[in-house]
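Structure first, then comments.
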Protein chains: 2
Amino acid sequence: MAVTLKEVAERAGVSRSAVSRTFTDGASVSDKMRRKVEKAAKELGYSPNALASSLTTGRTKLIGLVSNNFHNPIFLEVFDLFTRGLQDRGLRPLLVNLTDETDPENSVRMLRQYSVDGVVVASSTLPPGFAKAFRDAGVPVVHSFGRASSAPQVHVVGIDNVECGRMAARELVARGYEHVGIMGGPEAATSTQDRFTGFMSELAAHPNVKVSHSFAEAYSFDAGRREMLRLLENSPAQAYFCGDDVLSIGALSAIDDSGLSCPDDIGLIGLNDMEMAQWENINLTTIHQPIQQIVTSSIELMVAMLDDPERYPETRIFPCSIVERGTLKAEA
Amino acid sequence: MAVTLKEVAERAGVSRSAVSRTFTDGASVSDKMRRKVEKAAKELGYSPNALASSLTTGRTKLIGLVSNNFHNPIFLEVFDLFTRGLQDRGLRPLLVNLTDETDPENSVRMLRQYSVDGVVVASSTLPPGFAKAFRDAGVPVVHSFGRASSAPQVHVVGIDNVECGRMAARELVARGYEHVGIMGGPEAATSTQDRFTGFMSELAAHPNVKVSHSFAEAYSFDAGRREMLRLLENSPAQAYFCGDDVLSIGALSAIDDSGLSCPDDIGLIGLNDMEMAQWENINLTTIHQPIQQIVTSSIELMVAMLDDPERYPETRIFPCSIVERGTLKAEA
DNA sequence: CACATTTTTGCAACCGGTTGCAAAATGCGT
DNA sequence: ACGCATTTTGCAACCGGTTGCAAAAATGTG
């Protein structure tokens, strides 16, 4: 069905190499030759088979885009940015859905079978070892939204979740809350653990502020709502740092339904600054995560690694900032 | 770097064909041979190069997953279902982001360069001609969430948007509203056009009910909010059928902010039944679109086409149903 | 115009697999 | 043990490209 190099060569009356060369830039071809070949190619509707050429060049321009976050709306934006960013650089995202996968082995094998040039792991919940499995298989890896580390085994691009925890704690203290809580995401997620650590460490410096903590079962509306309903049952804190915006919105709904009001009765601060957080009927105070920069930087790093696979692993952390909206009481 | 067939063959002391055969099922290999080969393969950590084999077999197991809906949360679920469904069948989604692309040509060429076995166009806004461009290039294609047609040029799986429009109209009439409106999505989208057609045609049978219509600029919260604010400025209808749930939620926020209440002052009915629609602080009455079935059926159809590329184009329409929540007044 | 230098071109081998075909090995019946 | 049918195996060509090398053509120099 498809037109091949050979057919174009025959039609143009030249060698196969000549055709190949007109389609690889940097190769030596005379103008006359190029015109002849391009004419024949156009007439036949030829375009080179990327996979066949990958066999000899060793590059497929395929990038594995691996994630397990298919339920957090913020990741739709992440996918949007990644796919467009990769496309713009002539790279093709091969999407791998890791939901329910705990073992990297299968995906590693599969992505190697397809000779991907690199892998982007886009997940805030997968352990660092997951990304490392790809590196050990000899594939350039960038872990986006991964856990920051001072001695990274693979490239990591993201935010400092510990610092975010601290920032949230500082903000609640500054607002004059005297009993605060963290309602974390799933306890197994690295992002949850780090935010928790930061939150608690900051509050250790404020012994006069009472702290409580609990964890929701998932980064989801329902989990946030359920957990907040449970918390409201006996002596809740005055304000909560929620694991992320989706959880916050669930919590908000629980608060509303309990006849309480936010921020009058209970304050909330989220994390991510997803689009919905600014919707007028939500209006969530939250910590902004610079998604666009993280994605852009991840792609840059990936491109750099394609040139130099031995590049030394690097951690790139982007600062977050608080976006004040309507779910915390005014400064004390 | 990667281990090749040849190395395994040498190590096992057999021919290259023998190795190839142990990794292609249905091939004739003795048990003794298979064991020898598998041992050598395991020792070397060999796994076959899917792209090299595609050269001779003509199948890559790559499926282009093409969409331009990267801003509607419902599509995160669509991507989740597609990627998992394809993976489960040993197929690999190559994601193509068509945002801002109006011409199918580039994507067609790119997907042919990668020899995809098939293409799924997942979009409710792309015109039928887009999917047809892939078919014309000789690639099996399924248009999911596409426009239903009695004489389809390509396989279409989705819902009957005209009927959804009628259904919404019937519901509003049954509830006793005497002035109703449709606040459609972007006018250029086929789904908008069809829903509009259905809505108006049903109301033509009810001359005593006053109808008005308008269109939002996008399927987004902001567009819905803006449009509703505009509508509220002078004599709005008593109830609106909104182009989709995201628009509805935007409209809801506009209504709240205007000091009006839903459903007491203005009724709303959406379309999609996205997860958020059931959140307690939204609680949107809407038309449920059976996404899971659409995706499953699309994948089935795709798999069937891989076996028989000449399969006659087919339209598969799944019924929608109204999910009653809290944004319409009780039945008259 | 002859000669040296540079550019362009084609040949042939190769990338990592698959597969038709014929030869070798095995199984079966007696 | 034999002949015959059936499996199993290896050879070699092929899939659709790329690329090192040397020959051919074009260009420059005196």
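The chains referred to below are lettered A, B, ... by the order of the sequence lines, with proteins before strands, and numbering in each begins at 1. The basis for the numbers below is simple: all heavy atoms, side chains too, and nothing from hydrogens, waters or symmetry mates.
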### Message
The criterion is side chain to side chain donor-acceptor pair (under 3.5 Å); which residues satisfy it with B/Ser20, sequence neighbours excluded?
### Response
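Expected list: none.
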#### Entry: Counterpart residues, side chain to side chain donor-acceptor pair (under 3.5 Å), relative to B/Arg311 (two or more places apart)
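For B/Arg311, the residues satisfying side chain to side chain donor-acceptor pair (under 3.5 Å) (neighbours in sequence not counted) are B/Glu314.
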### Query
When the nearest nucleotide of DNA chain C is assigned to A/Ser17 and to B/Arg16 on a heavy-atom basis, which residue is associated with the more 5' position?
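Whichever sits nearer the 5' end wins; that is A/Ser17.
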### Task
Sequence neighbours left out, what passes ring-ring contact (aromatic ring centres under 6.0 Å, His included) with B/Phe79? Give chain and number order.
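Here the qualifying residues are B/Phe70.
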### Query
Between A/Ser20 and B/Leu55, which has a closest nucleotide on DNA chain D that is more 5'?
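Whichever sits nearer the 5' end wins; that is B/Leu55.
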### Task
Would you kindly compare A/Thr56 and B/Ala52 by the position of their nearest DNA chain D nucleotide and give the one closer to the 5′ end?
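The 5'-side residue here is B/Ala52.
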### Message
More than 12 heavy atoms of other residues, nucleotides or ligands under 6.0 Å from CG of B/Asp25: yes or no?
### Response
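At most 12 heavy atoms, drawn from other residues, nucleotides or ligands, come within 6.0 Å of this atom.
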### Query
Parallel, tilted or perpendicular for A/Tyr46 and A/Phe23, by the 30°/60° rule?
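Correct class here is perpendicular.
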### Query
Under a criterion of less than 4.0 angstrom to any heavy atom of chain A, what are the 5'-terminal and 3'-terminal contacting nucleotides of DNA chain C?
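Range of nucleotides touched by chain A: C/dT8 to C/dG16.
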### Message
Does anything in residues 23-32 of chain B come within less than 4.0 Å of DNA chain C? Heavy atoms only, and list the residues if so.
### Response
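B/Thr24 - these, ordered by number, are the residues of the stretch whose heavy atoms sit under 4.0 Å from the strand.
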### Task
Residues of residues 4-13 of chain B with any non-hydrogen atom less than 4.0 angstrom from an atom of DNA chain C: list those, numerically ordered, please.
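The answer is B/Thr4, B/Leu5.
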### Task
Look at A/Glu43 together with A/Lys39 and state whether they make a salt bridge at an N to O cut-off of under 4.0 Å.
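Here A/Glu43 pairs with A/Lys39 in a salt bridge, since their nearest N and O are under 4.0 Å apart.
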### A/Arg84/A/Asp80 ion pair, N-O < 4.0 Å
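So A/Arg84 pairs with A/Asp80 through a salt bridge.
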#### Entry: Option from B/Leu81, B/Val78, B/Val157, B/Ile317 for which side-chain contact (heavy atoms from CB on, under 4.5 Å) with B/Ile294 holds
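Answer to the side-chain contact (heavy atoms from CB on, under 4.5 Å) test with B/Ile294 among B/Leu81, B/Val78, B/Val157, B/Ile317: B/Val157.
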### Message
Is a donor from one side chain sitting under 3.5 angstrom from an acceptor on the other, for A/Ser191 and A/Tyr219?
### Response
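Yes, A/Tyr219 and A/Ser191 have a side-chain donor paired with an acceptor closer than 3.5 Å.
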### A/Ser297-A/Arg316 side chain donor-acceptor pair, cut-off 3.5 Å
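Looking only at side-chain atoms, A/Arg316 and A/Ser297 do form a donor-acceptor pair, the distance falling under 3.5 Å.
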